[in-house]
Amino acid sequence: MNSLGYTPVVFSSSIDDHLALRQFSLSDAEQAYALIDHDRERLSVYLPWVESIHCVADQRRSMTPLVEYDPDARLSCWLTYDDAIIGAAGLPVIDRDALWGEIGYWIDSAHEGKGMITAAVRELERICFTDLGLERVQITVDARNTRSRAVPERLGYTLEGVLRHHLVSGHGVIVDQCVYGLLKPEWQARALVDPV
Ligand SMILES: CC(C)(COP(=O)(O)OP(=O)(O)OC[C@H]1O[C@@H](n2cnc3c(N)ncnc32)[C@H](O)[C@@H]1OP(=O)(O)O)[C@@H](O)C(=O)NCCC(=O)NCCS
């Protein structure tokens with residue numbers, strides 16, 4: 001029960017028989033910290049926040065502003081495999097005025113390279129275009145991050161621009177940032193030729 005006297009509904013969405021998106025909860029902090037700490041060196045190359053997480057308390061503190069699902073602002077989810085956290089995927093930005101959302105993601109090394117992030121992005125697209133009524137989704141990526149760029153490219157997004165010297169990436173390095181976009185009619189057209 002929260003301070004307003006009700007138990008908030010936890011958002012979850014299954015992707016297939018094993019994979020699911022599950023809204024952040026502070027009770028997951030220990031499991032999430034263990035995963036991030038184990039993969040720290042790899043994740044910190046592109047995720048600058050990893051360097052500020054040194055213990056479970058840091059993990060809990062970093063999650064605190066993100067735990068509430070606000071359809072007018074953000075949705076932060078774990079990616080789970082048989083209920084175990086293997087990464088995160090969500091909507092760090094939901095812009096209700098301009099009707100767009102931004103998708104973000106990471107996955108642990110043991111589950112990388114199996115199409116699970118692509119599957120999670122497809123589910124987040126469905127949430128954006130159907131549940132939230134948005135008209136555009138975007139994915140922004142460090143231009144050097146070829147594995148991450150491959151995700152929107154595989155899904156037919158348009159590379160709309162490269163913002164030069166625009167993103168603080170891992171280890172505080174300032175890099176060029178690619179902006180990929182997908183509009184609702186493009187998503188609908190893709191579903192006709194590429195149904196999941
Ligand atoms: C970026 C990142 C999330 C990409 O993860 P990923 O596992 O490569 O992405 P996907 O789940 O889409 O998997 C794609 C791979 O699975 C393979 N695959 C297998 N089945 C597949 C399927 N059904 N659909 C799509 N791809 C499939 C693809 O061929 C591809 O393999 P390849 O890399 O050998 O070419 C991951 O590398 C990561 O977490 N990196 C560190 C953090 C980071 O950079 N986050 C992004 C910040 S913007």
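Counting convention: from 1, in listed order, for ligands and their atoms alike.
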To atom 8 (O) of ligand 1, the nearest of His111, Arg147, Arg149 on a heavy-atom basis is Arg147
| task | Examine Leu43 against ligand 1 and note whether any of their N/O atoms are separated by less than 3.5 Å. | result | no
Handout entry: Heavy-atom protein neighbour under 4.0 angstrom from atom 29 (O) of ligand 1
Key = no
Checking heavy atoms under 4.0 Å, the part of Tyr46 that sits near ligand 1 is side chain
One finds that the ligand 1 atoms under 4.0 Å from a non-hydrogen atom of Met116 are 11 (O)
Next on the checklist: Less than 3.5 Å apart, any donor N or O on the side chain of Tyr180 or Glu153 sitting next to an acceptor on the other?
Outcome noted: yes
Between ligand 1 and Gly113, is the shortest N or O to N or O distance under 3.5 Å? yes
Filtering Arg144, Arg122, Glu112, Gln177 for the heavy atom nearest atom 36 (C) of ligand 1 leaves Glu112
- prompt: Taking distance alone, with no angle check, do Ile107 and ligand 1 share an N/O pair under 3.5 Å?
  reply: yes
When distances are taken from atom 45 (N) of ligand 1, the protein heavy atom at minimum range is Tyr105 O, 3.1 Å
The single option from Val179, Leu155, Val121 that satisfies side-chain contact (heavy atoms from CB on, under 4.5 Å) with Ile139 is Val121
The residue among Trp100, Trp187, Phe129 that forms side-chain contact (heavy atoms from CB on, under 4.5 Å) with Val137 is Phe129
For atom 9 (O) of ligand 1, the closest protein heavy atom turns out to be Ile117 CB, 3.7 Å
Residues 23-44 vs ring pair (Phe, Tyr, Trp, His ring centres under 6.0 Å), sequence neighbours excluded, gives Phe24-Trp78
Sequence neighbours excluded, the answer for side-chain hydrogen bond (donor to acceptor under 3.5 Å, both in side chains) partners of Ser25 is Ser27
*Non-hydrogen side-chain atoms of Trp106 and Leu35 separated by less than 4.5 Å*: yes
N/O of Thr118 under 3.5 Å from N/O of ligand 1, yes or no? yes
Side-chain heavy-atom pair Lys184, Cys128 within 4.5 angstrom cut-off: no
From the list Gln23, Arg60, Gln59, Arg22, side-chain hydrogen bond (donor to acceptor under 3.5 Å, both in side chains) with Asp28 holds only for Arg22
So for Asn145 against ligand 1, with non-hydrogen atoms under 4.0 Å, the contacting part is side chain
Heavy-atom proximity to atom 24 (N) of ligand 1 ranks first, among Gly115, Ala88, Gly104, for Gly115
- Query: Any donor-acceptor pair under 3.5 Å linking the side chain of Asn145 with the backbone of Val141?
  - Reply: no
protein heavy-atom neighbour closest to atom 48 (S) of ligand 1 works out as Ser148 OG, 3.3 Å
So for Lys114 against ligand 1, with non-hydrogen atoms under 4.0 Å, the contacting part is backbone
Quiz item: Quick one: does Thr140 get an N or O within less than 3.5 Å of an N or O on ligand 1?
Solution: no
Checklist entry - Taking atom NE2 of His111 as the centre, does the number of heavy atoms from other residues, nucleotides or ligands within less than 6.0 Å exceed 12? => result yes
